[in-house]
Chemist: 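Take this structure first; my questions come after.
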Amino acid sequence: MNADIKLRVSNIDKSFPGVKALNQVNFAVRKGTVHVLCGENGAGKSTLMKVINGIYRPDAGEILIDEKPVDIKNPIQARSLGISMIFQELNYIPEMTIEESLCVGNWPRDRYGRINWKEIRKRTKELLAKENLNYNPETKLKELTVSDIQMLEILKAISYNSDIIIMDEPTSAITNKEVEVLFQKINEIKSRGACIIYISHKMDEIFRIADEITVFRDGCVVDSRPIGEYDLETVISQMVGRKLENNFPKEEIKLGGEILKVQSLTQKDKFEDVSFHVREGEIIGFAGLMGAGRTEVMRSLFGLDPYESGEIFIKNQKTVIKNVKSSIDKKMVMLSEDRRRFGIIPVRSIKENVALASLRKFIYSGRLHEEEENKAVKEFCEKMNVKAPDFETKIESLSGGNQQKVILAKWMVTDPDILIVDEPTRGIDVGAKYEIYKLMTELAKQKKALVMVSSELPELIGMCDRIYIMSKGKVTGMLTRDEFTQESIMAYATGTKIQKEVK
Ligand SMILES: Nc1ncnc2c1ncn2[C@@H]1O[C@H](COP(=O)(O)OP(=O)(O)OP(=O)(O)O)[C@@H](O)[C@H]1O
Ligand SMILES: [Mg+2]
């Protein structure tokens, strides 16, 4: 018995077909602290959190709250025991309104048991006002950005005033400013004596907020210590079981001809007069603060959204992109930042998801050449280190990071000439990030052109030949490799500096 301990899990086991996701897991969270969980993609972090939240039943072991065993059958019961959770995968229904999404699972009822819409409106307005948010409660989620939706999820989970709040990669899609709001809230939660279990692959974040860290590997706890006894190198080597080469595998590659040129691309209220080009073998980056319009430009370029004016040239040929099909036909593909919305078909297998975009490649002489399809799927999943029992596994049962890798594999199989990647390493563990960078270098060597949108300046600086910077829908600057510094990029990103003519 230890009065400091709020939550304890003891000897937890959990298996899925073909995977032992949790193996004799023990750990304890103290009152008023932030306990960070680290571990590679597929290590078992989210699974443990879902066990604590009553989504999965453990095969063995115990959960104790205030050192008393509890049986958590479902999330509603978890909530009544003072547990709430922010999920890694944003699982929202696009047609839902803000007020519906804030009250789902916790509907206020009138005395006849009917859903009390007046009360829902009232609660929503109160919550929004408290957070100084100017939304209309009736706005549908599909009209919001990913970061808005994630922030609402965070505020919703916090609003229950739970004693144990689980945050599974809460900052993967929010802006820096919102991260500060979240950290402020975390401090408030701590000071009222509640505790937070926090999962993140962002090392700088971890060291800012953790009181204790537990490292997972392959379903087991490797180590658990107070933050003062940890340093970055130790955490990483415990996570990946080896020392990491922490450089970027960038190579100087002789560039070929211009493969994509975008001129004065404009879509009112989103971006204006955006021009850039990329050559064969080149990796260009797009830097900017969240909301600068980078994703919007790429979505229009790829045909997910329209553009009003401007010209696109692919291999010196003027091209009109009407929809996704027209860009895939031109061998231009895009890895989207919101994988739930645009990246995957959750209920289908890894193989189907990977092969989907390239079916035409495998259908010829009147039949589907499944052996070839299988071979290609296998090759790229292995290259990306996708961790799964087999390729028939449904993609929704993979860990978050592994889903991201499958999407990358999917586009690799199409053998594109131009690959646009939007936040390619989001949710990817430190070890696997390096594998993705290596793959990018390999693609560049094959004379492919890469366009990388990223919020992580180190990876842009580490991997790109040139970086375009956007601010408020416009390109404000372009820097070549010898000019890269975090400061120079930030000056253009915040709009304090603007280049007259960006080439
Ligand atoms: N519902 C499920 N069905 C089958 N396998 C599952 C299911 N949920 C998780 N797994 C498997 O359990 C293992 C642990 O997954 P988990 O999602 O807990 O990893 P994680 O540590 O959260 O990784 P990430 O950092 O990528 O989010 C993985 O091999 C995953 O494929
Ligand atoms: Mg996870």
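Counting starts at 1 for both ligands and their atoms, following the listed order.
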Chemist: Could you tell me the separation between the CD atom of Glu459 and the NZ atom of Lys250, rounded to the nearest 0.5 Å?
Modeler: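 Separation between the atoms: 12.5 Å.
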Chemist: Among all protein heavy atoms, pick the one closest to atom 7 (C) of ligand 1 and tell me residue, atom and distance.
Modeler: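 Atom 7 (C) of ligand 1 sits closest to the protein heavy atom Ser397 O, 3.3 Å.
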Chemist: What's the spacing between Lys130 NZ and Leu128 CG if we round to 0.5 Å?
Modeler: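 Those atoms lie 11.0 Å apart.
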Chemist: Can you tell me the protein heavy atom closest to atom 23 (O) of ligand 1 and the distance?
Modeler: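 Protein heavy atom with the smallest distance to atom 23 (O) of ligand 1: Gly42 N, 2.7 Å.
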Chemist: Does ligand 1 have any atom sitting under 4.0 Å from a heavy atom of Ala388?
Modeler: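 No, Ala388 has no heavy atom closer than 4.0 Å to ligand 1.
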Chemist: Going by the atom numbers of ligand 1, which of them fall below 4.0 Å from some non-hydrogen atom of Ala21?
Modeler: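 Contacts of ligand 1 toward Ala21, numbered from 1: 12 (O), 13 (C).
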Chemist: Of the side chain and backbone of Phe216, name the one, both, or neither that has a heavy atom under 4.0 Å from an atom of ligand 1.
Modeler: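 Looking at Phe216 and ligand 1, no heavy atom falls under 4.0 Å.
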Chemist: Show the nearest heavy-atom pair for residues Val25 and Gly219, with the distance to one decimal.
Modeler: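 Nearest heavy atoms, Val25 then Gly219: CG2-O, 3.3 Å.
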Chemist: Can you sort out which atoms of ligand 1 are near Leu398, meaning under 4.0 Å from one of its heavy atoms?
Modeler: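 Counting atoms of ligand 1 from 1, those under 4.0 Å from Leu398 are 31 (O).
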Chemist: Return the residue, atom name and 0.1 Å-rounded distance of the protein heavy atom closest to atom 27 (O) of ligand 1.
Modeler: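 Protein heavy atom at minimum distance: Gln88 NE2, 2.8 Å.
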Chemist: Does Pro17 reach ligand 1 with a nitrogen or oxygen that is under 3.5 Å from one of the ligand's nitrogen or oxygen atoms?
Modeler: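 Such a contact does not occur with ligand 1.
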Chemist: Could you list the atoms of ligand 1 found under 4.0 angstrom from a heavy atom of Gly401?
Modeler: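 That gives atoms 24 (P), 26 (O) of ligand 1.
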Chemist: Closest non-hydrogen protein atom to atom 1 (N) of ligand 1, residue and atom name please, with distance?
Modeler: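 Residue, atom and distance for the closest contact: Tyr56 OH, 3.1 Å.
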Chemist: Report the residue from Lys6, Lys31, Arg8 that forms a salt bridge (Lys or Arg N to Asp or Glu O under 4.0 Å) with Glu67.
Modeler: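 For Glu67, the salt bridge (Lys or Arg N to Asp or Glu O under 4.0 Å) check succeeds only for Arg8.
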Chemist: Under 2.8 Å from the Mg ion (ligand 2), which protein atoms of type N, O or S occur, listed by chain and number?
Modeler: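 Checking every protein N, O and S atom gives Ser46 OG, Gln88 OE1.
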Chemist: Between atom CG of Leu419 and atom CG of Leu450, what is the distance when rounded to the nearest 0.5 Å?
Modeler: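 If we round to the nearest 0.5 Å, Leu419:CG and Leu450:CG are 5.0 Å apart.
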Chemist: Compare all side-chain heavy atoms of Pro137 with those of Thr97 and state whether any distance is below 4.5 angstrom.
Modeler: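 They are not in side-chain contact.
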Chemist: Anything under 3.5 Å between a donor and an acceptor, one on a side chain of residues 71-84, the other on a protein residue two or more places apart or in another chain? List them.
Modeler:
{"residue": "Asp71", "atom": "OD1", "partner": "Arg57", "partner atom": "NH2", "Å": "2.7"}
{"residue": "Asp71", "atom": "OD2", "partner": "Lys73", "partner atom": "NZ", "Å": "3.3"}
{"residue": "Asn74", "atom": "OD1", "partner": "Ile76", "partner atom": "N", "Å": "3.2"}
{"residue": "Asn74", "atom": "OD1", "partner": "Gln77", "partner atom": "N", "Å": "2.7"}
{"residue": "Gln77", "atom": "OE1", "partner": "Lys73", "partner atom": "N", "Å": "2.7"}
{"residue": "Gln77", "atom": "NE2", "partner": "Asp71", "partner atom": "O", "Å": "3.2"}
{"residue": "Ser80", "atom": "OG", "partner": "Gln77", "partner atom": "O", "Å": "2.7"}
{"residue": "Ser84", "atom": "OG", "partner": "Ala157", "partner atom": "O", "Å": "3.2"}
{"residue": "Ser84", "atom": "OG", "partner": "Ser162", "partner atom": "OG", "Å": "3.0"}

Chemist: Can you tell me if Gln403 has a non-hydrogen atom under 4.0 Å from ligand 1?
Modeler: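 Not so, Gln403 does not reach ligand 1.
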Chemist: Consider every N or O of Lys387 and every N or O of ligand 1, then say whether any pair is closer than 3.5 Å.
Modeler: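 There is no such contact.
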Chemist: Give the atoms of ligand 1, by number and element, whose distance to some non-hydrogen atom of Thr47 is under 4.0 Å.
Modeler: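 Once the distances to Thr47 are compared, the set is 9 (C), 14 (C), 15 (O), 16 (P), 18 (O).
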Chemist: Work out which heavy atom in Ile428 is nearest to a heavy atom in Lys405; give both atom names and the distance.
Modeler: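 That would be CD1-CG, 4.0 Å.
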Chemist: Measure Glu40 to ligand 1 on non-hydrogen atoms and call it side chain, backbone, both or neither using the 4.0 Å cut-off.
Modeler: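 The backbone, only.
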Chemist: Determine the minimum heavy-atom distance between Asn11 and Asn26, stating which atoms define it.
Modeler: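 So the two residues come closest at N-OD1, 2.7 Å.
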Chemist: How long is the straight-line distance from CD1 of Ile12 back to NZ of Lys14, given to the nearest 0.5 Å?
Modeler: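 Rounded to the nearest 0.5 Å, the NZ-CD1 separation comes out at 10.5 Å.
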Chemist: Enumerate the atoms of ligand 1 whose separation from the nearest heavy atom of Val19 is less than 4.0 angstrom.
Modeler: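 Result: 29 (O).
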Chemist: If you count the atoms of ligand 1 from 1 in the order shown, which ones are under 4.0 Å from a heavy atom of Asn41?
Modeler: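 Matching atoms, with element in brackets: 23 (O), 24 (P), 25 (O), 26 (O).
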Chemist: According to the interplanar angle, ranging from 0 to 90°, do the rings of Tyr437 and Phe248 count as parallel (below 30°), tilted (30 to 60°) or perpendicular (above 60°)?
Modeler: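 Taking Phe248 first and then Tyr437, their aromatic rings sit tilted (interplane angle of 30° to 60°).
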Chemist: Who passes ring-ring contact (aromatic ring centres under 6.0 Å, His included) against Tyr230, sequence neighbours left out?
Modeler: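 Result, ring-ring contact (aromatic ring centres under 6.0 Å, His included) vs Tyr230: none returned.
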Chemist: Identify, with sequence neighbours excluded, every residue that meets side chain to side chain donor-acceptor pair (under 3.5 Å) alongside Tyr135.
Modeler: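 Partners of Tyr135 under the side chain to side chain donor-acceptor pair (under 3.5 Å) test: Asp148.
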Chemist: Hey, are Asp415 and Lys448 close enough for a salt bridge, meaning a charged N less than 4.0 Å from a carboxylate O?
Modeler: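 Yes.
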